[in-house]
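Reading through the structure tokens given below for one structure.
Below, chain A is the first sequence line, B the second, and so on; all start at residue 1. For clarity, every value in this text was computed on a predicted model and none was experimentally measured.
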Protein chains: 2
Amino acid sequence: MPFLQKSYESLDTLAEAIGQAIRAPITIENRHHQLLAYSTHPDSTDPARIATIIGRRVPEAVIEDLWESGILQEVIDRDEPVVIPARMAVGLGERAAVVIKQQGDVLGYIWSLARTTPFSEQELTVLQEGANIAKKLLMTIAMHERRIDAELERFFLEVLATPVLSPSHRDRLNELAPIAVASRLTVIECAQPVTPQLAERLFYVLATQQAIEVVLHAIDGQQLLVWHYMKSDLAEEETALLQWADRFETQLRDKFIEAEPRLGISRRFFESDMLYAAMEEARRVTSLRRKFPYELATSRTFEQIGIYQLVPDLARRIGLRLETHPTIERLQAYDVTHHTELVTTLEWYFYFDGNVKRVAAHLHIHPNTVLYRIRRIEELTNITQVSLPERAAVYLAIKAGQYRQDD
Amino acid sequence: MPFLQKSYESLDTLAEAIGQAIRAPITIENRHHQLLAYSTHPDSTDPARIATIIGRRVPEAVIEDLWESGILQEVIDRDEPVVIPARMAVGLGERAAVVIKQQGDVLGYIWSLARTTPFSEQELTVLQEGANIAKKLLMTIAMHERRIDAELERFFLEVLATPVLSPSHRDRLNELAPIAVASRLTVIECAQPVTPQLAERLFYVLATQQAIEVVLHAIDGQQLLVWHYMKSDLAEEETALLQWADRFETQLRDKFIEAEPRLGISRRFFESDMLYAAMEEARRVTSLRRKFPYELATSRTFEQIGIYQLVPDLARRIGLRLETHPTIERLQAYDVTHHTELVTTLEWYFYFDGNVKRVAAHLHIHPNTVLYRIRRIEELTNITQVSLPERAAVYLAIKAGQYRQDD
DNA sequence: GCCCACTTTGTGAAAAAACACAAAGTAGGC
DNA sequence: GCCTACTTTGTGTTTTTTCACAAAGTGGGC
């Protein structure tokens, strides 16, 4: 004796019907926790549900919490309604959830808030029934989505393969992206090629990012290329981006330990003509971060890598014979004969902007040792007294040398 | 009744003859105070003469002193023997000197040290006679020299006009330059085109430089191009060069106030194949010093201009769109609305490596004002906390912008 | 193995830089 | 014209950094 009809014309009417049957607010989400439908219910609702409906996706913090506490995993594994106690820290009242699955693949979820009384067996059965019905509707949507996604990915890769945009490409891109919004191209680079399984998991994390809006994305070898923009105002774009990048990379490293994902973010651009250049910038960032992991540990954007931007060019073009600097040559000679570390010390002394304490901390030595070495360097070269332009050149010379060495 | 013969086969025999006639040590110099001949005389001699004979040129300090005291000018103007009191500060005992002139042009000088007794009229007449005889010999030498010089200059300009050396050029250059010596190409750039008169005066100063050995030189428009090397050891080459460049530029500025001469020195090179590249380096230095007189006030070598090396490329190639840095844009916007100087302050804060005192001194403001502005900048951008590579990039961005503006 | 030159570390004193706070100056906006 | 928000300068205090010097450690050459 089913409580619901065999089928509904839309997810909205299904949500409404379940809501009526168990007399509680219902939300239906896709596999990326984006809102698909919700019941209009006059009764009390909790902050998490409001945020979900307003933002048309479940807040990032809630998803994080549900994963960390293992609840989401349980919902997926059980394949039948699970009652979840309230998690007030993230604004979540008590609720029940059921996964919508098709041959092991998650298609989405149905959530129901608890009223004042606990859920009855019957109400949970209704949820289970609802999940079965939603499956058919979601399969249609999912299939359509996947077709669209695959087509868009192919298109995106095509665009990124050609330095100069064709007029037809430009027209289509302009339809996809909002006008006059500062967007960026981000590369997520992995240690191994991105398999479809890994891609799916990466997309999941990407789709749940609240701060950004993804325009297009594509897989290319070991990289996931993402064209996106920040939801914040242009004035706060940079701050918001840096914060997001920091959080996002930490999240990725936690979730994909074996893949060692690394971000590279282009500068902002407003015209789709810049996509190719932006991709090169983003890739330059990941490539340099591969070479200089410590130095660029917290540099994710093209702006942040600073003059490292120039290192590959400098290492390549011998025209500017930058890396044979007499100062470095002399220090290197001294290092060899005296088993010292003057070049390295100088390098980090410059990097840390003359801050002896930080240099000492980084090299795990006594600050006075740094002072001693700096005085030695001064005796040999008096390079520490020069101004930024020359210091930077020496630093670049050291780095260009290392870059070539590794290559 | 002449005391000397009508002519002598060489300057050496002439010097010997004069020395015999007046029984005092004699030296004959060309117009650049390079030693041409000297008498062998057993009697006491002074430090200046010893140094002159050993170095085959009059020491720089002596020439400087003789110019500053007006003695040399007097010798040239008088056109007859002048008795010069001892100048012990530069190791010069009492002596007599006579200029060797030909139609107003100085060809050289004859010097005679005083014995214990003062010079007699007769002895001075002998000197005058000697100068007349030397004139003929010097004219031959001078004519020959000038022909050689002109030919060498033509050759040098030809070499510098072609980026890739022809085998015949290389062979001839290798004959001219010592092997395995670190040489440099220096450009002396003037505010006006170098006239033959100016060139002659410049060559005079150049020829009297003790620290360097000139291989070749040539005039090209407003520039005097000099290929030279330091007489010091390779290990001290750089230190010696920097010291010399400092002294030499001061000297030039004092002597040629209207020409506003400016030095540009290439990096050192060992192969004549590098001449063209070296010239480009040297010219890049003078060109940048023209654009950034204050910033590069004491930067004379290509090494010293540091990352300014890259500014023209950066300003030219929009490929690396470096000069639109969000940080600078934001600060510029603030500067406009608040009538402040944050960008300039940041620029010098970076240049002076975070030294508030020096920034304040350069901008003629209170150190606390600098601190206040830095805090403002931090509130707006937190750029001051980043490490060298990003700081340098911001600095470059500011500079590339200014470079383009001026152009 | 021992000496010698050089490097590293530790300690307290001295110098320098940063800071907090107040007062005075400045320039738009209403 | 006055108010307000912001900037600049001055003063004394606090914190940080540097310096001087001593002791201990290190490693290669004879």
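- Residues satisfying the ring-ring contact (aromatic ring centres under 6.0 Å, His included) criterion with A:Tyr351, sequence neighbours excluded, are A:Trp348.
- A salt bridge is absent between B:Arg330 and A:Glu236: the closest approach of a Lys/Arg side-chain nitrogen to an acidic carboxylate oxygen does not fall below 4.0 angstrom.
- By the side-chain hydrogen bond (donor to acceptor under 3.5 Å, both in side chains) test, B:Thr369 is found to be paired with no residue, residues two or more places apart in sequence or in another chain being considered.
- Looking at residues two or more places apart in sequence or on another chain, you find no ring-ring contact (aromatic ring centres under 6.0 Å, His included) involving B:Tyr349.
- Both key distances under 3.5 Å define a Watson-Crick or G-U pair, and stretches of 3 or more such consecutive pairs in DNA chain D run C:1-30 with D:1-30.
- Applying the salt bridge (Lys or Arg N to Asp or Glu O under 4.0 Å) test to every pair with at least one member in residues 361-377 of chain B, sequence neighbours left out, gives these pairs: B:Arg376-B:Glu379.
- Evaluation of the side-chain hydrogen bond (donor to acceptor under 3.5 Å, both in side chains) rule for B:Tyr308 yields B:Tyr395 as partners, not counting sequence neighbours.
- Shown here are the side-chain hydrogen bond (donor to acceptor under 3.5 Å, both in side chains) partners of B:Thr381, two or more places apart in sequence or in another chain: there are none.
- If you measure from atom CG of B:Asp353 to atom C1' of C:dA17, you get 14 Å, rounded to the nearest angstrom.
- Separating the CG atom of A:Leu371 from the C1' atom of D:dC21 is a distance of 14 Å, rounded to the nearest angstrom.
- Among residues two or more places apart in sequence or in another chain, the side-chain hydrogen bond (donor to acceptor under 3.5 Å, both in side chains) test is passed with A:Arg391 by B:Asp353.
- Rounded to whole Å, atom P of D:dT18 lies 10 Å from atom CZ of A:Arg375.
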Could you run down the sub-3.5 Å N/O contacts of the protein with nucleotides 7-16 of chain C?
{"residue": "C:dT7", "atom": "OP1", "partner": "A:Tyr334", "partner atom": "OH", "Å": "2.8"}
{"residue": "C:dT7", "atom": "OP2", "partner": "A:Tyr372", "partner atom": "OH", "Å": "2.4"}
{"residue": "C:dT7", "atom": "OP2", "partner": "A:Arg376", "partner atom": "NH1", "Å": "2.2"}
{"residue": "C:dT7", "atom": "O5'", "partner": "A:Tyr372", "partner atom": "OH", "Å": "3.4"}
{"residue": "C:dT8", "atom": "OP1", "partner": "A:Arg373", "partner atom": "NH2", "Å": "2.7"}
{"residue": "C:dT8", "atom": "OP2", "partner": "A:Arg373", "partner atom": "NE", "Å": "3.2"}
{"residue": "C:dT9", "atom": "OP2", "partner": "A:His366", "partner atom": "N", "Å": "3.0"}
{"residue": "C:dT9", "atom": "OP2", "partner": "A:Thr369", "partner atom": "OG1", "Å": "2.5"}
{"residue": "C:dG10", "atom": "N7", "partner": "A:Asn368", "partner atom": "ND2", "Å": "3.2"}
{"residue": "C:dG10", "atom": "O6", "partner": "A:Asn368", "partner atom": "ND2", "Å": "2.8"}
{"residue": "C:dT11", "atom": "O4", "partner": "A:Asn368", "partner atom": "ND2", "Å": "2.9"}

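- Rounded to whole angstrom, the span from the CZ atom of B:Phe352 across to the P atom of C:dA17 amounts to 14 Å.
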